[in-house]
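By convention in this document, chain letters (A, B, ...) are assigned in the order of the sequence lines, proteins followed by strands, and residues within each chain are numbered from 1. Every value quoted in this text rests on a predicted model; they were computed, and no experiment measured them.
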Amino acid sequence: MIPGGFERYLRRVDAALFAAVAATAISAATVGPSAHAEDKPYKIEKDGTVDWSTFSGYRRYHSECHVCHGPDALGSSFAPALANSLKTMTYDQFIDVVVNGRKNVSASSDKVMPSFGTNRNVMCFINDIYAYLKARADGVLPRGRPKHEPKPKAAQEAEDACMG
Amino acid sequence: MKALLRGALAGAMVVGLAAGAYASDDLVTMQKNAKEWVMPTGNYANWRYSTLDQINAGNVGKLQVAWTFSTGVLRGHEGGPLIIGNVMYVHTPFPNIVYALDLNDDNKILWKYEPKQDPDTIPVMCCDTVNRGVAYGDGKIFLYQADATLVALDAKTGKVDWSVSNGDPKIGETGTSAPMVVKDKVVVGISGGEFGVRGRLTAYDIKDGKMAWRAYSMGPDSDILMDPEKTTMLGKPVGKDSGLNTWEGDQWKIGGGTTWGWYSYDPELNLIYYGSGNPSTWNPSQRPGDNRWSMTIFARDADTGMAKWVYQMTPHDEWDYDGINEMVLADVTVDGKKHKALVHFDRNGFGYTLDRETGALLVAQKYDPKVNWATHVDMKTGRPQVVDKYSTDHNGEDVNTKGICPAALGTKDQQPSAYSPKTGLFYVPTNHVCMDYEPFRVAYTAGQPYVGATLSMYPPEGDKNMGNFIAWDASKGKIVWSLPERFSVWSGALATAGDVVFYGTLEGYLKAVDAKTGKELYKFKTPSGIIGNVTTYEHNGKQYIAVLSGVGGWAGIGLAAGLTDPNAGLGAVGGYAALANYTALGGQLTVFSLPN
């Protein structure tokens with residue numbers, strides 16, 4: 001969760017994106033990974049209980065993304081299975097597509113990814129959504145609604161700040 | 001020769017229309033000719049009934065495929081074809097192709113119309129890129145495209161006569177419903193309840209597409225076309241600005257109440273009937289109040305659009321129980337008194353019978369015994385008595401309310417029922433699905449999803465079937481018989497004078513059952529799951545049954561990806577196999593007849 005207002009947050013995403021694109025050569029080892037760029041941005045207990053961020057990602061995914069990308073990130077004829085895509089897609093590529101959208105329109109295909117850059121329901125929780133999808137892509141989170149830890153106070157505060 | 005003659009007659013009819021009579025006068029006559037199927041609902045009363053009886057309970061078992069036609073489109077195929085004279089009009093989901101097929105000449109394609117639409121429309125369609133069919137009137141075919149453009153096509157050539165934009169996909173407004181021709185107007189609704197669209201019904205002049213009236217579901221009385229003194233709910237005036245003061249702040253401006261279902265019309269009372277959808281967002285905590293007039297049955301004057309009466313079935317919705325399902329107009333006797341009635345099977349699980357002249361509530365009973373979110377409907381106030389345990393508003397944001405029946409899909413969605421005046425029964429395709437519902441806070445951004453809840457769906461505890469096909473007695477509010485189905489029955493029914501009732505299943509079966517007993521008489525597995533509506537017509541002395549296959553729609557999105565997978569952790573108890581094990585995408589029309 002990102003503290004601070006949504007506008008500030010958007011600028012941070014842009015900055016992060018720019019930095020990432022400009023400095024891909026600088027490895028994680030040099031600057032140290034931020035939380036989202038970790039290999040495993042999720043936490044899953046042995047009994048399947050996930051951290052709030054991963055659960056929050058599950059919720060937001062299933063109200064903003066699943067109509068096209070399918071339940072449990074399994075894909076549909078509109079859009080690819082993100083449980084697959086995120087096996088190879090980097091965090092920065094992911095952010096780029098979510099913020100800016102993408103089109104693949106031809107005689108045989110009408111695939112349109114809208115830009116979600118101004119959508120707080122997505123952008124305030126983008127790292128949560130990433131964590132959820134990454135867990136699905138890594139094969140460590142089964143289909144369906146996961147059990148989760150209680151909502152931390154910090155998460156509520158961040159939500160309130162970002163959602164305005 | 002006979003066929004030629006009929007063709008000439010149909011041609012004469014079209015000429016007659018051009019001479020200035022109301023298109024609906026002609027449709028009132030045409031809908032009585034069982035050889036044709038002139039509107040998606042069968043007739044203005046939404047009966048989906050045919051007096052044809054060549055195919056009957058005694059011989060339907062011999063039914064066989066007469067011919068087929070691929071639409072060339074994947075995704076969910078809702079609705080069904082029209083048959084006008086010797087031409088069949090077949091529509092498809094996005095890109096919304098219309099084919100005119102010549103029944104006199106080997107069903108060859110007379111013309112094909114494919115609009116050019118911005119594919120940006122696709123991601124703002126909530127539940128698949130469905131389209132529920134075209135309308136006919138005044139020698140034109142009316143297509144309501146996904147991008148909310150209403151187009152009038154010359155029925156003979158497919159050439160565009162006029163075209164008008166009824167909404168803006170950039171703010172999430174789309175078209176999925178079938179238009180209806182009433183008098184000299186074409187009536188259309190709007191989809192987008194999951195995008196904060198403000199619902200309305202709009203009537204356009206049939207000659208040139210000029211807007212005649214537009215009636216919103218919420219907002220000031222002048223926007224709703226509502227008279228605070230004369231418009232009534234359960235016999236009482238609605239009062240001033242009921243569409244404003246039952247909302248907090250400006251929430252009504254993004255209030256939903258979209259109008260994507262079916263419309264019916266009573267030519268004698270000159271009233272149009274339809275229902276409005278869910279209030280936006282799905283998180284009830286963000287929109288305190290009754291949220292009028294979402295979830296409402298409207299009776300409107302066909303000429304002016306003015307609301308005569310309204311009835312809000314689900315005030316302050318907390319479950320996404322859109323009120324858009326069809327209104328069936330029939331004579332029903334309740335407690336010994338015969339009424340010009342309106343019968344409606346709502347998403348919320350109650351089957352309603354109202355007096356359609358006055359809007360008086362006569363019957364409100366559960367048409368699935370598992371419905372649990374309300375104990376009953378208070379017949380004085382019309383309000384459902386909500387059970388706290390299943391109230392997502394009572395339990396609040398970030399709380400997962402479990403075991404609510406029905407699921408958001410409703411005990412029935414848009415898939416229309418059929419009514420047989422011969423048996424007096426209503427035949428209803430239903431869902432038998434419950435849910436967990438967790439609302440959470442959302443922010444509105446124009447053109448972006450505005451949902452605010454996450455749901456899990458599964459069959460009711462102890463049951464394996466996710467659907468039932470039932471026969472309903474609307475005078476008592478009782479189920480007469482009920483046939484369990486593995487999946488939701490998402491196909492519109494057809495009843496005939498041959499004492500047969502037809503419906504399709506999500507696995508792809510076309511089924512015929514006995515109208516009196518429900519006994520299965522015939523089934524045939526079509527190439528894909530059926531969410532289309534069954535149609536019948538007669539050509540060259542032979543009766544045909546036609547249905548679109550092509551799994552998809554809301555049911556298809558969820559079920560095709562395996563919501564019933566026992567490993568999905570969604571509460572299912574095993575023994576369920578995913579719909580994907582039974583069928584795959586693909587649009588096809590299958591036409592049946594008896595052997596020669």
Can you list the steps and then say if Val442(B) with Arg120(A) is a side chain to side chain contact (heavy atoms under 4.5 Å, CB included)? CA-CA 8 Å; Val442(B) 276; Arg120(A) 290 164 199 242; over 6 Å; no
Steps toward side chain to side chain contact (heavy atoms under 4.5 Å, CB included) verdict (Ile122(B), Val112(A)): CA-CA 7 Å; Ile122(B) 295 173; Val112(A) 177; 5.8 Å; no
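Counting non-hydrogen atoms of other residues, nucleotides and ligands closer than 6.0 Å to CD of Glu114(B) gives a total above 12. Within a 6.0 Å radius of NZ in Lys151(A), more than 12 heavy atoms belonging to other residues, nucleotides or ligands are found. Applying the 6.0 Å contact sphere to CD of Gln156(A) captures more than 12 heavy atoms from other residues, nucleotides or ligands.
Of the listed residues (Leu455(B), Val451(B), Leu74(B)), the greatest number of heavy-atom pairs within a distance under 4.5 Å of chain A belongs to Val451(B). Most heavy-atom pairs under 4.5 Å with chain B, from the set Met113(A), Glu64(A), His62(A): that is Glu64(A).
The contact between Thr129(B) and chain A is made by backbone and side chain atoms together, counting heavy-atom distances below 4.5 Å. Interface remark: Ala446(B) contributes no atoms to any contact with chain A (heavy atom separation under 4.5 Å).
Residues Asn400(B) and Arg145(A) meet the side-chain proximity criterion, which asks for heavy atoms closer than 4.5 Å. By the 4.5 Å heavy-atom criterion applied to side chains, Thr445(B) and Thr118(A) are counted as neighbours.
In terms of heavy-atom proximity, Pro123(B) sits nearest to Cys68(A) at CA-SG, 4.1 Å. Residues Ala453(B) and Ser63(A) come closest through the heavy atom pair O-CB, 3.8 Å.
Judged purely by atom type and a 3.5 angstrom limit, Glu159(A) has no side-chain atom pairing as donor or acceptor with the backbone of Arg441(B). A donor-acceptor pair under 3.5 Å is formed between the side chain of Asn121(A) and the backbone N or O of Ala443(B).
To the nearest 0.5 Å, atom CG of residue Asp398(B) and atom NE2 of residue His148(A) are 8.5 Å apart. Separating the CZ atom in Arg60(A) from the OG1 atom in Thr454(B) is a distance of 10.0 Å, to the nearest 0.5 Å. Atoms CZ and OG, from Phe440(B) and Ser56(A) in turn, are 8.0 Å apart once rounded to the nearest 0.5 Å.
Under the ring-ring contact (aromatic ring centres under 6.0 Å, His included) criterion, Tyr450(B) pairs with Tyr444(B), not counting sequence neighbours. Listed by chain and number, the residues in a ring-ring contact (aromatic ring centres under 6.0 Å, His included) with Phe94(B) amount to none (sequence neighbours excluded).
A salt bridge links Glu438(B) to Arg59(A): one of the charged nitrogens lies within less than 4.0 Å of a carboxylate oxygen.
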